[in-house]
2 protein chains.
Amino acid sequence: MDYDLLKANFSRYTELTPAELTQVCTYYQERHISKGEYVLRKGEVCRFEGFVVKGCFRVFTIDDQGNERILYFAAEDWWIMEIDSFINQTASELSVQAIEESTILYITYSAKQELYNTLPKVERLFRIMSQTAVAAWQRRLIRNHSMDAEQRYHHFITAYPEIARRITNRHIASYLGITPEFVSKIRKRRLSNKG
Amino acid sequence: MDYDLLKANFSRYTELTPAELTQVCTYYQERHISKGEYVLRKGEVCRFEGFVVKGCFRVFTIDDQGNERILYFAAEDWWIMEIDSFINQTASELSVQAIEESTILYITYSAKQELYNTLPKVERLFRIMSQTAVAAWQRRLIRNHSMDAEQRYHHFITAYPEIARRITNRHIASYLGITPEFVSKIRKRRLSNKG
DNA sequence: TGCATTTATTGAACTAGTTCAAGCTTTTTT
DNA sequence: AAAAAAGCTTGAACTAGTTCAATAAATGCA
């Protein structure tokens, strides 16, 4: 099992010694998820925190009319969980589905609690990780208010070219909050402006 | 000085003994801010984390064309800071301005570091607070994608009736990501539907 | 108190994005 | 390899929300 990606992710937030990093990783287990499989469904309790080692997931909501809204994509080096459901062990508002053959490293709720108590430095690690995430979500909200659909599309494909290549137009549309038809029209416009 | 509101806020996230709560509060100082005054301007480094005891603030961005977008309002029991700027001590993307005569309790960057080191439980407190905030920002993003302007307006005034009464329509518009004119039209529509 | 400034309302013309429907392409399944 | 299913593209008609302009109302200031 290869924990290098996970270790690198952790090291971005707090300095841990190689021994500490290795110790933390022992709490994480590997799991393979096939394309289309759900790791979490709306209404279930999120019992794990997952780190994507290989593959890609979509994290999304389903509203009363059955419309799906993709909140984010999680490819290599991203986390998948329903944060509220995981920390309070309550019903999840989100679903998480693999859109490729994937491998994750996951930690259960009880193992996570044990990890926090065993190695208090991990508390700081996830504190900083979460604070960084808050800032990122705030920036995304501002982008959504200050950019139109075409600008948001352009921002997405330049900020995440890797992910953009791997997903369908419908998924991009759902992520951007617009219709798939309008994504087609934006693409057409962009092509004719460049040709 | 009255730390009750701050203590109650902390207690929502982690259990601390009365002694610990009191100890934590000694790191926070009171400051009065007059209406219209800025506590942070875009480009400055955010050197404090503030908790609103009395009054109301707007936290907002200014884009290249000079357009302001309100990210959130912070009245009593809310926090004001630029989280990214505070944790990394880098230039802030946001500005924070008092829209009423206000009182805050604030902690400086170095005092916060000292607090984390002196009382490690605080690390957990802010870890949970930040994780809760991530979930809240995710929910807000989903609302923005799945509701139209009228639904968003209605959600805001029913979720935060207190704040809605205290701010102008322009501010609500800026928060909702629509024009002030359209807020007027929504209000008119709502009135005639009820009369 | 009166003047100046900001804020709210309303309407008419406009635009970004949606909806629906049809035909085409690609992927998945058998 | 064929059939089925899902995804993409395009256009025409529509709608939610914007822009601009003018007027009225509220607020701040000397």
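Chain naming here is simple, since letters A, B, ... match the order of the sequence lines and numbering starts at 1 in each. What you see below is based on every heavy atom in this structure, not just the backbone, and it leaves out hydrogens, waters and symmetry mates.
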Going by the salt bridge (Lys or Arg N to Asp or Glu O under 4.0 Å) test, name the single residue among Arg165(A), Lys35(A), Arg58(A), Arg166(A) that passes it with Glu100(A).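 Among Arg165(A), Lys35(A), Arg58(A), Arg166(A), the one that satisfies the salt bridge (Lys or Arg N to Asp or Glu O under 4.0 Å) with Glu100(A) is Arg166(A).
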Modelled atom types, side-chain donor and acceptor of Arg124(A) and Asn117(B), under 3.5 Å: yes
Side-chain donor-acceptor contact under 3.5 Å, Trp78(B) with Asn9(B):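 Asn9(B) and Trp78(B) do not have a side-chain donor-acceptor pair below 3.5 Å.
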Give the ring-plane orientation class for Tyr72(A) versus Trp137(A), where under 30° counts as parallel, over 60° as perpendicular and anything between as tilted. perpendicular
Just say parallel, tilted or perpendicular for the rings of His171(A) and Phe73(A), cut-offs at 30° and 60°.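 Taking Phe73(A) first and then His171(A), their aromatic rings sit tilted (interplane angle of 30° to 60°).
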Between the two end axes of the helix from dT1(C)-dA30(D) to dT30(C)-dA1(D), each built from 5 base pairs, what angle do you get to the nearest 10°? 60°
Does the protein touch nucleotides 25-30 of chain D at the base, only the backbone, or not at all? Give it as B, S and - per nucleotide, heavy atoms under 4.0 Å. ---S--
How does protein contact run along nucleotides 7-21 of chain D, one letter per nucleotide 5' to 3', with B for base contact, S for sugar-phosphate only, - for none, heavy atoms under 4.0 Å? SSBBBB----BBBB-
Measure from NZ or CZ of Lys112(B) to the centre of the six-membered ring of Phe126(B) and say whether it is under 6.0 Å with the direction within 45° of the ring axis.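 So Lys112(B) does make the cation-pi contact.
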What's the spacing between Leu94(A) CG and Leu71(A) CG if we round to 0.5 Å?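 Reported value, rounded in 0.5 Å steps: 6.0 Å.
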Are [X] and [Y] within salt-bridge range, i.e. N to O under 4.0 Å?
{"X": "Glu37(B)", "Y": "Arg31(B)", "value": "yes"}
{"X": "Arg139(A)", "Y": "Glu93(B)", "value": "no"}
{"X": "Asp2(B)", "Y": "Lys54(B)", "value": "no"}

